Amino acid sequence: MNYQEFNSTINSRERELEMSQAFPVLMRKVYTWMALALVITGVTAYGVAHSPAVLQAIYGNPIVFWVLAAAELGIVFYTSARIQKIALTTATLMFILFSVINGVTLAYIFLVYTASSIAKVFFITAGTFAAMAVFGYTTKRDLSKMGSIMMMALIGLIIAGIVNIFLKSSGLEFIICIAGVLIFVGLTAWDTQKIKEMLMDAEDAGESAQKIALLGALSLYLDFINLFIHLLRLLGNRE
């Protein structure tokens with residue numbers, strides 16, 4: 001072995017050691033960012049729901065609501081597409097902004113459902129999410145095929161939801177809710193495995209890996225929120 005090969009081997013082992021030490025920290029950051037986003041969303045939704053003036057401004061004018069919904073989509077697509085080109089601070093601020101806007105658009109749940117049923121469904125969601133996240137993290141099975149199927153099913157779910165806006169079918173709504181629960185349960189496991197693999201394959205524990213962790217937190221946050229909404233529609237008690 002010449003000096004160049006020896007030096008390359010040493011650098012490779014140093015990187016492996018660095019990443020083995022950094023990996024648990026990065027995974028904790030994924031769930032910390034996700035949990036903070038959920039708190040921000042919950043507090044925002046509760047505050048908006050108890051502010052008649054803000055409620056009137058948002059839900060009294062459909063244009064405002066749809067602008068907020070479009071802003072949410074824009075932030076998700078922009079952050080996902082530009083994550084490696086924007087600064088970590090910028091990406092974090094956009095994640096926070098998304099959490100706030102999502103809280104504003106979800107304020108209606110405090111008006112439609114009882115507080116006790118919201119709390120009950122939240123804990124059911126948390127338990128289901130945790131179980132699937134553990135499965136996705138620990139399983140040796142490759143979930144990429146399942147993930148592809150879940151993504152195609154998600155497209156179908158979105159189309160069915162748009163169609164039901166006009167049909168207003170309670171039967172179709174029930175099917176959509178059941179399908180939504182199954183889809184986001186599957187996506188939680190797949191996203192967890194994907195995040196784990198991406199972090200393990202990261203070149204180092206620097207800003208690039210931090211961005212992967214942040215994007216992973218956004219994916220899991222979306223899985224949790226959507227799972228919660230579909231379970232709430234199934235199990236929630238209305239006011």
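From a predicted model like this one, the values you see are computed outputs, not experimental measurements.
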* Structure fact -> ring-ring contact (aromatic ring centres under 6.0 Å, His included) pairs touching residues 118-165, sequence neighbours excluded, are Phe122-Phe224, Phe129-Phe224

* Could you tell me which residues satisfy salt bridge (charged side-chain N to carboxylate O under 4.0 Å, His left out) with Lys196, sequence neighbours excluded, listed by chain and number? => none

* **Asn164 side chain to Ser169 backbone, donor-acceptor under 3.5 Å** => yes

* Asked: Are Leu187 and Met151 close enough that some pair of their side-chain heavy atoms sits under 4.5 Å apart?
  -> yes

* Spell out, as yes or no, whether a donor-acceptor pair under 3.5 Å connects the side chain of Thr192 to the backbone of Thr188. => yes

* State whether the number of non-hydrogen atoms from other residues, nucleotides or ligands found under 6.0 Å of Ile63 atom CD1 is greater than 12. => no

* Asked: So do the side chains of Tyr221 and Thr41 get within less than 4.5 Å of each other, counting heavy atoms only?
  -> yes

* To do: Check step by step if side-chain contact (heavy atoms from CB on, under 4.5 Å) holds for Phe228 and Leu38.
  => CA-CA 11 Å; Phe228 170 73; Leu38 289 173; over 6 Å; no

* Asked: Can Val67 be reached from Val64 by stepping across I, L, V, M, F, W or Y side chains whose heavy atoms are under 4.5 Å apart?
  -> no

* Measure the shortest side-chain to side-chain distance between Ile229 and Leu106 over non-hydrogen atoms and say whether it is less than 4.5 angstrom. => yes

* Asked: Please, which pairs that meet side chain to side chain donor-acceptor pair (under 3.5 Å) have at least one residue in residues 50-73, sequence neighbours excluded?
  -> Glu72-Thr105

* To do: Determine, stepwise, if the pair Leu55 / Leu111 fulfils side-chain contact (heavy atoms from CB on, under 4.5 Å).
  => CA-CA 10 Å; Leu55 281 175; Leu111 306 177; 3.9 Å; yes

* Taking the side chain as every heavy atom from C-beta outward, state whether Trp190 and Lys145 have any atom pair closer than 4.5 Å. => no

* Asked: Side chains of Leu154 and Leu157: closer than 4.5 Å at any heavy-atom pair?
  -> yes

* Asked: CD/Glu207 to CG/Leu214 distance, rounded to the nearest 0.5 angstrom?
  -> 10.5 Å

* Interatomic spacing from CD1 in Ile124 to CG in Leu235 - rounded to 0.5 Å -> 5.5 Å

* Report the distance from atom CG of Leu222 to atom CG of Asp191, rounding to the nearest 0.5 Å. => 9.0 Å

* To do: With the side chain counted from C-beta on, respond yes when Val104 and Val54 share a heavy-atom pair under 4.5 Å apart, and no when they do not.
  => no

* Does some side-chain heavy atom of Leu182 sit less than 4.5 Å from a side-chain heavy atom of Val185? -> no

* Between CG on residue Leu220 and CD1 on residue Ile195, distance to nearest 0.5 Å -> 4.0 Å

* Which residues share a side chain to side chain contact (heavy atoms under 4.5 Å, CB included) with Ile162, sequence neighbours left out -> Ile158, Phe166

* Asked: Checking Ser117 side chain against Asn237 main chain: does a donor-acceptor pair fall under 3.5 Å?
  -> yes

* Does one hydrophobic cluster hold both Leu68 and Ile225, with members joined at side-chain heavy-atom distances below 4.5 Å? -> yes

* Does any pair with a residue in residues 22-38 pass side chain to side chain donor-acceptor pair (under 3.5 Å), and if so which ones, sequence neighbours excluded? -> Lys29-Gln210

* Taking all non-hydrogen atoms of both residues, which atom of Ser99 and which atom of Ile40 are closest, and how far apart? -> CB-CG2, 3.9 Å

* To do: Work out which heavy atom in Met146 is nearest to a heavy atom in Gly186; give both atom names and the distance.
  => CE-O, 3.3 Å

* What are the two closest non-hydrogen atoms of His230 and Gly180, and how far apart are they? -> CD2-CA, 3.7 Å

* To do: Look up atom CZ in Phe95 and atom CG in Leu36, then write down how far apart they are to the nearest 0.5 Å.
  => 8.5 Å

* Asked: Transitively linked via ILVMFWY side-chain contacts under 4.5 Å: Val43 with Tyr46?
  -> no

* Under a 4.5 Å side-chain heavy-atom rule over Ile, Leu, Val, Met, Phe, Trp and Tyr, are Phe110 and Leu234 clustered together? -> yes

* Could you give the distance from CG (Leu199) to CZ (Phe23), rounded to the nearest 0.5 Å? -> 6.0 Å

* Let me see the working for Leu227 and Met132 under side-chain contact (heavy atoms from CB on, under 4.5 Å), right down to the final yes or no. => CA-CA 12 Å; Leu227 179 59; Met132 296 312 297; over 6 Å; no

For residues 75-94, please give each side-chain donor-acceptor pair under 3.5 Å, one per line with the distance, not counting sequence neighbours.
residue : atom : partner : partner atom : Å
Thr79   : OG1  : Ile75   : O            : 2.7
Ser80   : OG   : Val76   : O            : 2.8
Thr92   : OG1  : Leu88   : O            : 2.8

